[in-house]
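Letters A, B, ... are given to chains in the order of the sequence lines, protein chains preceding strands, and every chain is numbered from 1.
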Amino acid sequence: ETGVTQTPRHLVMGMTNKKSLKCEQHLGHNAMYWYKQSAKKPLELMFVYSLEERVENNSVPSRFSPECPNSSHLFLHLHTLQPEDSALYLCASSQGLASGAGELFFGEGSRLTVL
Amino acid sequence: QKEVEQNSGPLSVPEGAIASLNCTYSDRGSQSFFWYRQYSGKSPELIMSIYSNGDKEDGRFTAQLNKASQYVSLLIRDSQPSDSATYLCAARGNDYKLSFGAGTTVTVRA
């Protein structure tokens with residue numbers, strides 16, 4: 001069993017659709033992250049939650065809306081996306097923000113295509 | 001803006017050779033450094049972390065850090081085809097945020 005699981009693995013949506021990405025971690029970590037990975041570009045940090053409290057909203061457009069109901073689950077709600085939002089969305093967790101913050105455990109990612 | 005720079009590659013090395021990957025960072029306040037490996041179609045996986053100047057060895061991997069030169073490197077000894085992947089360098093300062101490089105793609109030729 002992988003420590004961080006993401007669903008769906010692949011998602012194709014139109015610009016008017018509403019969908020959600022789900023992430024679950026089984027590692028007992030306190031911090032969870034959403035990253036965006038586009039081809040040939042560095043990983044972009046989108047959101048960070050620590051103990052279900054959002055601590056980072058990195059100038060992300062409002063068409064991306066995160067939700068963290070508990071320390072094990074993280075969602076990314078998507079609506080009225082643009083084609084340039086097509087990318088691999090990676091969820092990650094770490095023990096916390098103070099210690100172990102650089103040691104991220106990633107899920108397998110959700111490959112999003114916006115038509 | 002904290003930047004981490006890597007040569008994109010591809011870096012092609014013959015099997016059994018040493019692969020040398022380089023990374024520079026712009027933020028002098030960076031304190032912790034990490035190397036992640038990402039196979040094609042997979043997610044990044046942490047393989048090395050280094051916090052102080054000098055070398056750190058773990059199996060066939062050696063990370064090297066020079067804070068004065070703002071330089072981090074990763075050496076892969078006795079390269080194997082299974083080492084073919086993209087290697088991401090990351091740096092962390094006083095806060096929790098990691099700044100990632102775009103990655104270096106390594107191909108090990110059998």
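Heavy atoms of A:Val48 lying under 4.5 Å from chain B belong exclusively to its side chain. Of the atoms belonging to B:Ser8, not a single heavy atom falls under 4.5 Å from chain A. Residue contact with chain B, scored on non-hydrogen atoms closer than 4.5 Å, involves the side chain of A:Tyr35 exclusively. Looking at B:Tyr39, neither its backbone nor its side chain comes within 4.5 Å of chain A, counting heavy atoms on both sides. Residue B:Glu5 does not touch chain A at all, counting heavy-atom pairs closer than 4.5 Å. Heavy atoms of A:Leu45 lying under 4.5 Å from chain B belong exclusively to its side chain.
By the 6.0 Å contact criterion, CG on B:Asn7 is open, its count of non-hydrogen atoms from other residues, nucleotides or ligands being 12 or less. Within a 6.0 Å radius of NZ in B:Lys42, no more than 12 heavy atoms belonging to other residues, nucleotides or ligands are found. Annotation for A:Glu84: atom CD counts as buried by contact number, over 12 foreign heavy atoms lying within 6.0 Å.
Both B:Leu65 and B:Leu74 belong to a common hydrophobic cluster when Ile, Leu, Val, Met, Phe, Trp and Tyr are linked at side-chain heavy-atom distances under 4.5 angstrom. In the hydrophobic clustering of this structure, A:Phe105 does not group with B:Trp35; members are Ile, Leu, Val, Met, Phe, Trp, Tyr whose side-chain heavy atoms approach within less than 4.5 Å, directly or through other members. In the hydrophobic clustering of ILVMFWY residues, with side-chain heavy atoms under 4.5 Å counting as a link, A:Phe47 and A:Leu21 come out together. When the side chains of ILVMFWY residues are joined at heavy-atom separations under 4.5 Å, either directly or via intervening members, A:Leu90 and A:Val60 end up in two distinct hydrophobic clusters. Taking hydrophobic clusters as Ile, Leu, Val, Met, Phe, Trp and Tyr residues chained together by side-chain heavy-atom distances below 4.5 Å, A:Leu88 does not share a cluster with A:Leu76.
Distance alone, capped at 3.5 Å, is enough to place a donor-acceptor pair between the B:Ser43 side chain and the A:Gly107 backbone. For B:Tyr96 (side chain) and A:Ala31 (main-chain N/O), no donor-acceptor pair under 3.5 Å exists by modelled atom type.
With rounding to the nearest 0.5 angstrom, the CZ atom of A:Phe106 is 8.0 Å from the CD atom of B:Gln38. Atom CD of A:Gln37 sits about 6.5 Å away from atom CG of B:Leu88, to the nearest 0.5 Å. Atom OG of A:Ser94 sits about 11.5 Å away from atom CG of B:Leu46, to the nearest 0.5 Å. Taking CD of A:Glu56 as the start and NZ of B:Lys97 as the end, the distance is 3.5 Å to the nearest 0.5 Å.
Heavy-atom minimum distance, A:Lys40 versus B:Ala102: O-CB, 3.8 Å. Nearest heavy atom pair, residue B:Arg92 against residue A:Leu97, reads NH2-O, 3.4 Å. The nearest pair of heavy atoms linking A:Leu104 to B:Tyr36 is N-OH, 2.8 Å.
Contact count versus chain A (heavy atoms, under 4.5 Å) is highest, among B:Gly101, B:Ser99, B:Pro44, B:Ser32, for B:Pro44.
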